[in-house]
Amino acid sequence: MADAPLDLAATWDETLRILRRENEVNERAMAFLTLSRLMAVVADTALLAVPSTWAKDVFEQRYATALRYALTQAVGQDTRFAITIDESLLMAGAEDEDRPRTTSPSPAPRRESPVDKAVDTVDGEPARRPELRETPGRRLSTQDLAEQYAEADPERPEEPAYIDRRHFEPRADERLTPMPSPSPAPRAAEGGETTLGSDSKLNAKYTFETFVIGASNRFAQAAASAVAEAPAKAYNPLFIYGGSGLGKTHLLHAVGHYAQSLYSGIEVRYVNSEEFTNDFINSVQSGQFGKAQEFHRRYRDIDILLIDDIQFLQRAPETMEAFFHTFNTLHNENKQIVITSDLPPKQLGGFEDRMRSRFEMGLMTDVQPPDLETRIAILRKKVEMEGTQEVPRDVLEYIASRISTNIRELEGALIRVQALHSLSRQPMDVSLAESVLKDLLTHDSGAEITAATIIAQTAAYFGLTVEQVTGGARTRVLVTARQIAMYLCRELTDMPLMRIGKEFGGRDHTTVMHANKKIAELMKERRAIFNQVTELTARIKNSSADQGR
Ligand SMILES: Nc1ncnc2c1ncn2[C@@H]1O[C@H](COP(=O)(O)OP(=O)(O)OP(=O)(O)O)[C@@H](O)[C@H]1O
């Protein structure tokens with residue numbers, strides 16, 4: 001079980017007291033610190049919300065050591081910090097100033113940001129805004145600060161403060177490592193794919209231990225970790241958005257594993273939005289009371305709902321309505337919801353405003369494409385997880401420098417390099433990697449690759465029909481062709497497993513997962529499979545480029 005939750009407001013008060021005592025921070029910075037908030041402490045990192053870019057820069061650059069020292073003392077363990085900007089804190093402070101001070105501050109009517117909302121629900125108590133104490137050294141009023149700031153930055157946006165990774169650049173001395181193992185290894189099912197013992201459908205590989213943290217995902221990781229530690233207390237919902245293959249699904253599963261490791265008996269459910277849609281449609285179409293009840297039990301009698309790729313939620317009004325009610329029920333009952341999407345709520349087409357505004361109620365954070373060092377660290381982690389032969393740093397660096405936008409592609413390239421090495425017995429060096437990536441990249445026109453193209457090309461290559469590739473017959477040739485096509489759909493398109501399964505006659509996502517694993521293994525063992533995958537990749541890329549012209 002987790003330790004008793006930290007009293008964040010008291011810890012922040014103590015941090016400020018220590019900073020005042022040490023007297024290393026000037027008055028102006030101290031006044032900004034008074035307006036700031038401690039939002040969470042995740043592993044060894046304190047998440048701070050501060051009112052302005054100026055404050056963030058000053059705390060990170062000039063007062064980093066003093067702040068880190070004070071936080072370490074107040075938390076009682078070595079604590080570093082990450083900062084986000086929440087401009088409404090400045091206004092909140094100004095409003096507080098106008099009111100007579102009381103010992104129990106009540107929430108002021110003010111513009112709410114996702115961050116505010118998040119803090120309002122900590123420990124189920126109303127927000128404890130940092131008190132504006134009158135100290136001998138404090139002469140600047142928050143009203144002064146608000147005015148100064150408004151003058152300095154008249155353009156500041158009225159939008160709620162989105163939290164994104166740009167506020168979380170790593171310190172120079174920071175190493176790229178997975179989080180210092182907060183969670184024990186998840187319970188693995190046979191085949192190592194999903195956890196047993198509950199209906200959660202978690203992938204055993206996607207944990208915080210196997211997730212590499214860099215500037216591109218630092219805040220998302222910390223927020224995900226915080227919701228697992230304190231479900232429905234920290235941020236609800238947590239909304240993670242960003243491009244394909246950047247680790248959103250991985251984080252979602254990691255939340256589930258970590259929460260399960262902390263709270264025995266906690267009910268966690270991971271679901272893709274398409275699966276949610278299917279479940280709902282089945283429950284309605286059957287017309288059976290039992291099915292409807294089963295749907296309710298599945299999505300409402302749970303503690304954490306992890307819903308992936310919300311952009312695919314079928315636009316049918318009934319499904320939207322079902323999701324809206326599920327969301328409200330869970331939220332009202334203080335159950336945690338974590339959502340991923342390719343776009344932030346505001347840009348999610350096809351969703352009603354009431355739905356979008358609910359997505360914005362908690363905390364929003366993006367994940368960005370990782371930088372080179374993070375990509376190398378991810379590759380190193382994959383090698384370590386597979387327990388395969390070491391891959392030299394220059395080879396990892398070469399692969400990481402050539403593939404930059406999608407981690408799934410990065411993993412695919414690593415698999416191919418390892419496969420050629422094990423088949424050809426050529427040394428694992430940069431020239432080997434070059435020869436593999438040459439094939440992979442020279443055909444890259446940037447044109448979009450579709451499942452239809454992959455299936456058609458695979459069928460033509462093996463002398464089969466499209467129906468045979470997507471059908472149910474199980475001769476050896478058919479199964480191999482089908483699995484290769486699924487593998488390439490996973491590697492070369494943005495499609496989630498569930499969607500790929502649909503393209504192959506409505507197969508389950510676990511079938512696609514199995515095919516993916518199988519082909520990755522076979523590529524290392526059988527030259528014929530490696531050649532087929534390589535050759536087909538070139539054909540698919542060429543054909544997609546031709547279609548795009
Ligand atoms: N920071 C990371 N550390 C380790 N592995 C990562 C990291 N980010 C992504 N990956 C890996 O990259 C692959 C793709 O990640 P994932 O499926 O989570 O992406 P996604 O953002 O959900 O993509 P999509 O939107 O297409 O569903 C996974 O195998 C995942 O483990």
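Counting starts at 1 for both ligands and their atoms, in listed order.
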Under 4.0 Å from ligand 1, counting heavy atoms only: the protein residues, by chain and number: Y206, T210, F211, V212, N217, G243, S244, G245, L246, G247, K248, T249, H250, D309, I378, K382, I407, R408, E411, D494

Which residue, R380, K382, K381, forms the salt bridge (charged side-chain N to carboxylate O under 4.0 Å, His left out) with E384? K381

From I281 atom CD1 to T319 atom OG1, the distance as rounded to the nearest 0.5 Å: 4.5 Å

Using atom types as modelled and distance alone, determine if a side-chain donor or acceptor of D429 lies under 3.5 Å from a backbone N or O of L432. yes

Could you check whether R354 makes a cation-pi contact with F324, meaning its NZ or CZ is under 6.0 Å from the centre of the six-membered ring and within 45° of the ring axis? yes

Quick one: are the ring centres of H253 and Y270 less than 6.0 Å apart? yes

Does the ring of F504 carry R482 above it, NZ/CZ under 6.0 angstrom from centre and within 45° of its axis? no

